[in-house]
Amino acid sequence: MPKSYRPYGKSGTRQGHFVLFYDEMLNSPAYRSLSCPAKCILITLKQCFNGYNNGEIALSCRTCASVHKMSKNTAQRALKELEEKGFIETMRPGFFGTRMATTYRLTMDANRGTRELPTNEWRQWGKTSKKTPGQSQNKASAIPQNDTEPTDCVPK
C-alpha cells in the first residue's frame, strides 16, 4: 500500500459511523426469510438511525429505489415486507402531493431521546397466528403528537 493511503481521512480518525446488527437478529427466521432488496433497505434505515431519531426516520420508496438501483415497486414491496415481518413500523404515512416521506421506527433499536425500549417484533414472526382479514390495527395512536420535523437521511 502506498504511504499516502489514509483509510480514515486526513485526521486519522474514522469518517462516519458503524451500523450494528446483532447475531440474534441475523440468525432469526424472520431475517433469513427477507428478500435481498428488503435487507438492503433495512441497512439503509439503520444508517439513518442516530440513536435519537427512532420513529422519525424519513425514507421514501423513490429514494430507496435510486440509492439501491431498483424499481419503485420493488422498494415498496421490500418496505412492506420489512413491516410485515416486524423489523420496522410506519409511524406517519407519506404523501407524494405534499412531498412528505413516510417516517419509520426500527423495532430492534431503542430511542435514547424519549427512552422508548425496543419492541423486537421480528422475534414473534412465524410464531403468532395470522390475523383475520377483518382485523385492523389502529395506527392513529402511534403518530407522534409533537411538532418536530422528521430528519431526512439519504446515504451518499
Nearest heavy-atom contact between Pro118 and Ala110 is CD-CB, 3.6 Å
Nearest 0.5 Å, what's the CG-CG distance between Leu26 and Leu34?
10.5 Å
CZ-NZ distance between Arg77 and Lys80, expressed to the nearest 0.5 angstrom
10.5 Å
Side-chain donor or acceptor of Thr102 paired with backbone N/O of Pro93 under 3.5 Å
no
Side-chain ion pair, Arg123 and Glu24, N-O less than 4.0 Å:
yes
Given 3.5 Å as the limit, does a donor-acceptor pair link the side chain of Thr74 with the main chain of Met70, or not?
no
Plane angle bin for Phe21 and Tyr31 - parallel if under 30°, tilted between 30 and 60°, otherwise perpendicular:
tilted
Rounded to the nearest 0.5 Å, what separates atom NZ in Lys39 from atom CZ in Arg32?
8.0 Å
Rounded distance [0.5 Å steps], CG in Leu42 versus CG in Leu106:
7.0 Å
Does Thr103 reach the main-chain N or O of Ala58 with its side chain, forming a donor-acceptor pair under 3.5 Å?
no
Other ILVMFWY residues reachable from Phe18 by side-chain steps of under 4.5 Å:
Leu20, Tyr22
Taking Asn50's backbone N and O only, do any of them form a donor-acceptor pair with Asn53's side chain (distance below 3.5 Å, no angle check)?
yes
Using a 6.0 Å distance limit plus a 45 degree cone around the ring axis, check whether Lys85 lies over the aromatic ring of Trp125.
yes
Non-hydrogen side-chain atoms of Glu56 and Arg92 separated by less than 4.5 Å:
no
Which distance, rounded to the nearest 0.5 Å, do you find between the CZ of Phe87 and the CG of Leu45?
12.0 Å
Walk me through it: do Asn111 and Arg105 pass the test side chain to side chain contact (heavy atoms under 4.5 Å, CB included)?
CA-CA 9 Å; Asn111 189 346; Arg105 179 181 71 86; over 6 Å; no
Less than 4.5 Å apart, any side-chain heavy atom of Glu81 and any of Ser35?
yes
Which distance, rounded to the nearest 0.5 Å, do you find between the CH2 of Trp122 and the CE of Met108?
7.5 Å
Report yes or no: does Asn54 contribute a side-chain atom to a donor-acceptor pair with the main-chain N or O of Asp109 at less than 3.5 Å?
yes
Taking all non-hydrogen atoms of both residues into account, name the closest pair between Cys64 and Ala75 and its distance.
CB-CB, 3.9 Å
Given the rule that I, L, V, M, F, W and Y join up when any side-chain heavy atoms are under 4.5 Å apart, are Val19 and Phe49 in one cluster?
yes
Mind checking whether Leu79 and Cys61 have side chains closer than 4.5 Å, heavy atoms only?
yes
Is a donor from one side chain sitting under 3.5 angstrom from an acceptor on the other, for Glu89 and Thr107?
no
